[in-house]
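Within every chain, numbering begins at 1; the chains are lettered A, B, ... in the order of the sequence lines, protein sequences first and strands thereafter. Values in this document were obtained by computation on a predicted structure and should not be read as measured data. Heavy atoms only: backbone and side chains are in, while hydrogens, waters and symmetry mates are out.
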Amino acid sequence: MPELPEVETIKNGLVPFLEGAKIKNVSLSSYRLRFEYPEGFKQYLIGASFNKLKRRAKYIIGELDNDNSVIIHLGMSGRITLMGNGHSLTFDDYVYQTGAKTVHDHVTIDLETTKGEEFKLIYNDPRRFGLWDLVKTDEIEKSKHFAHLGPEPLEDDFDGKALLERIGKKAAPIKLALLNQEIIVGLGNIYVCEALYMSHIHPERPANSLSQKEADLLVKNIKEVLNVAIGAGGSTLNDFRHADGNLGGFQERFLAYDREGADCPDKKCGGKIERIVQGGRSTFFCPKCQK
DNA sequence: CTGTACTCCTGGGGGC
DNA sequence: TGCCCCCAGGAGTACA
């Protein structure tokens, strides 16, 4: 799925269109997503306007003017497209696009901006691992989606000390600990691999074996890789693009992720990137410089 | 407590 | 061309 940087970029891209916009109509496909839509989903939405858009972990939160908030998680393959005025803009670029078919359009929202311009928001999700929910705005933090979530990695007060506190005595491999949203939110398979590579930390190291110094470096690199990715995506999403939805410039060049067999980017290292499986998911790392 | 296996799904790509 | 198998950026649950 979209990890924190992608969700942040999408949220930021939606802000100028959605904040203040009024929901004129909502239509749903006949498929359910990860969960059923909540009772009265459409009724709460239609006629409401969006106040603020926020991000928490990998969720987009759309605060409405009726004390409810829309909670959106993109799962593995969720994409959001805005269409209006003969143009469309798709906020994805990180997920395969060729398979996009309207048969997987599950949520369509007709909107009207404060200036009276009409447009549609379309949520497309082939694998349907995403979710849309409705939560009382003042109960978001204790809702089932958010109650167990760990700290935001980009918060100023999140540092190596805070990470070690969250890890506690956990002997699980550091790779899996970082994917655990109860310990730290927003990281997924890609950025965990990248941050561990940058920090020269072996993904199979027990989480509780990290020194304070290693944790400091790891957190510094987590922030770095997330901020670079947000910076790369953020600048491309300012306006509607033409109908092919091509944003460009959002391609990541990964150091370790998906580079099995490639030379370690550090020429002085001379190692080769390897792929192993942890928790049923691929881990890419350099066994020579990650200790 | 741990770790693992499996679940929800579709689609792309490689091998044959 | 097709078929089969593996893989995919998430995350919850069940079970030993």
Side-chain angles (χ1 to χ4, degrees), chain A residues 1-10 29-37 55-60 71-80 90-106 123-133 143-150 153 167-197 203-209 222 225-226 228-230 232-233 250-261 275-284:
Chain A
M1 123 177 175
E3 305 181 30
L4 186 153
E6 292 75 29
V7 179
E8 177 71 15
T9 299
I10 292 165
S29 75
S30 56
Y31 295 96
R32 48 164 277 182
L33 300 176
R34 165 170 278 273
F35 302 107
E36 301 288 349
Y37 300 100
R55 179 194 58 75
R56 168 81 170 113
K58 300 173 192 172
Y59 294 87
I60 295 170
I71 308 294
I72 304 167
H73 194 295
L74 304 176
M76 290 276 250
S77 57
R79 348 174 325 137
I80 290 176
T90 299
F91 298 94
D92 65 359
D93 229 41
Y94 53 85
V95 74
Y96 52 84
Q97 295 195 29
T98 49
K101 297 176 185 153
T102 55
V103 67
H104 299 302
D105 290 349
H106 300 300
Y123 176 75
N124 177 284
D125 188 355
R127 294 178 72 177
R128 308 204 290 275
F129 288 170
L131 75 88
W132 282 61
D133 200 358
S143 72
K144 65 173 177 178
H145 307 301
F146 293 83
H148 65 285
L149 293 178
I167 286 171
K169 294 181 173 139
K170 287 190 196 303
I174 184 63
K175 158 78 187 300
L176 296 181
L178 295 177
L179 283 177
N180 183 345
Q181 304 293 300
E182 295 184 29
I183 292 178
I184 175 176
V185 302
L187 297 178
N189 212 23
I190 291 175
Y191 296 113
V192 166
C193 289
E194 295 297 284
L196 287 172
Y197 171 81
E204 291 178 306
R205 280 272 301 283
N208 61 10
S209 76
I222 287 170
V225 74
L226 294 179
V228 166
I230 290 170
F250 199 34
Q251 295 297 320
E252 295 292 337
R253 190 64 240 129
F254 303 125
L255 298 171
Y257 182 81
D258 201 23
R259 298 195 67 229
E260 183 180 15
R275 172 184 177 273
I276 58 173
V277 175
Q278 293 178 283
R281 310 186 64 198
S282 295
T283 300
F284 300 89

Distances for protein N or O near nucleotides 7-9 of chain B N or O, under 3.5 Å:
unit_1 : atom_1 : unit_2   : atom_2 : d
B:dC8  : O2     : A:Arg34  : NH2    : 3.3
B:dC9  : O2     : A:Arg127 : NE     : 2.9

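Atoms NZ and CD1, on A:Lys170 and A:Ile183 in that order, are 5.0 Å from each other to the nearest 0.5 Å. To the nearest 0.5 Å, the span separating CG on A:Leu178 from CD1 on A:Ile167 amounts to 6.5 Å. Here the straight-line distance linking atom CH2 of A:Trp132 with atom CD1 of A:Ile72 works out to 3.5 Å at 0.5 Å rounding.
With distances taken from any side-chain atom of A:Lys170 to the nucleotides B:dT2, C:dC7, B:dG3, the minimum falls on B:dT2. Out of C:dA11, B:dT10, C:dG12, the shortest distance to the side chain of A:His104 is found at B:dT10. The nucleotide whose nearest atom lies closest to any side-chain atom of A:Ser282 is, among C:dC7, B:dG3, C:dA11, C:dC7.
Between A:Tyr257 and A:Phe284, the angle of the ring planes goes over 60°, which puts this pair in the perpendicular group of the 30/60° scheme. Ring orientation note: the planes of A:Tyr191 and A:Phe254 are nearly perpendicular, at an angle over 60° on the 30°/60° scale.
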Inset, instruction - Walk me through it: do A:Arg275 and A:Asp258 pass the test side-chain contact (heavy atoms from CB on, under 4.5 Å)? - result: CA-CA 8 Å; A:Arg275 172 184 177 273; A:Asp258 201 23; over 6 Å; no
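To the nearest angstrom, C1' of C:dA11 lies 8 Å from OH of A:Tyr59. Atom CG in A:Leu33 sits about 16 Å away from atom C1' in C:dG12, given to the nearest Å. Going from atom CD of A:Glu182 over to atom P of B:dC1 covers 11 Å, rounded to whole Å. With rounding to whole Å, A:Leu149 atom CG is found 8 Å from C:dG12 atom P. Rounding to whole angstrom units, CZ of residue A:Arg259 and P of C:dA8 are separated by 17 Å. Per the geometry, CZ belonging to A:Arg281 stands 14 Å off C1' belonging to B:dA5, to the nearest Å. In this structure, A:Asn180 atom CG and C:dG12 atom P are separated by 9 Å, rounded to whole Å. One interatomic measurement links the two molecules: CD of A:Glu204 to P of B:dT2, which rounds to 18 Å at whole-angstrom precision.
Smallest separation of non-hydrogen atoms from A:Cys193 and A:Ser282: SG-O, 4.4 Å. The minimum heavy-atom distance between A:Lys58 and A:Gly188, with the atom names listed, is NZ-CA, 3.7 Å.
A:Gly188 comes within 4.0 angstrom of the backbone, heavy atoms only, and of no base. At the heavy-atom level, A:His148 lies under 4.0 Å from the strands shown only through sugar-phosphate atoms. Using a 4.0 Å heavy-atom criterion, one finds that A:Tyr257 contacts the sugar-phosphate atoms exclusively.
Applying the ring pair (Phe, Tyr, Trp, His ring centres under 6.0 Å) rule to A:Tyr197 yields no partners; only residues at least two apart in sequence or on another chain are considered.
For DNA chain C, each stem of at least three Watson-Crick or G-U pairs (distances under 3.5 Å) is given as range with range: B:2-8 with C:10-16, B:10-16 with C:2-8.
Dashed line: the shortest gap from a side-chain N or O of A:Lys169 to OP1 or OP2 of B:dT2 is not under 4.0 Å.
Close placement of the A:Phe146 and A:Tyr59 rings is indicated, their centers lying within 6.0 Å of each other.
Straight-line distance between the P atoms of C:dC6 and B:dA5: roughly 15 Å, to the nearest whole Å.
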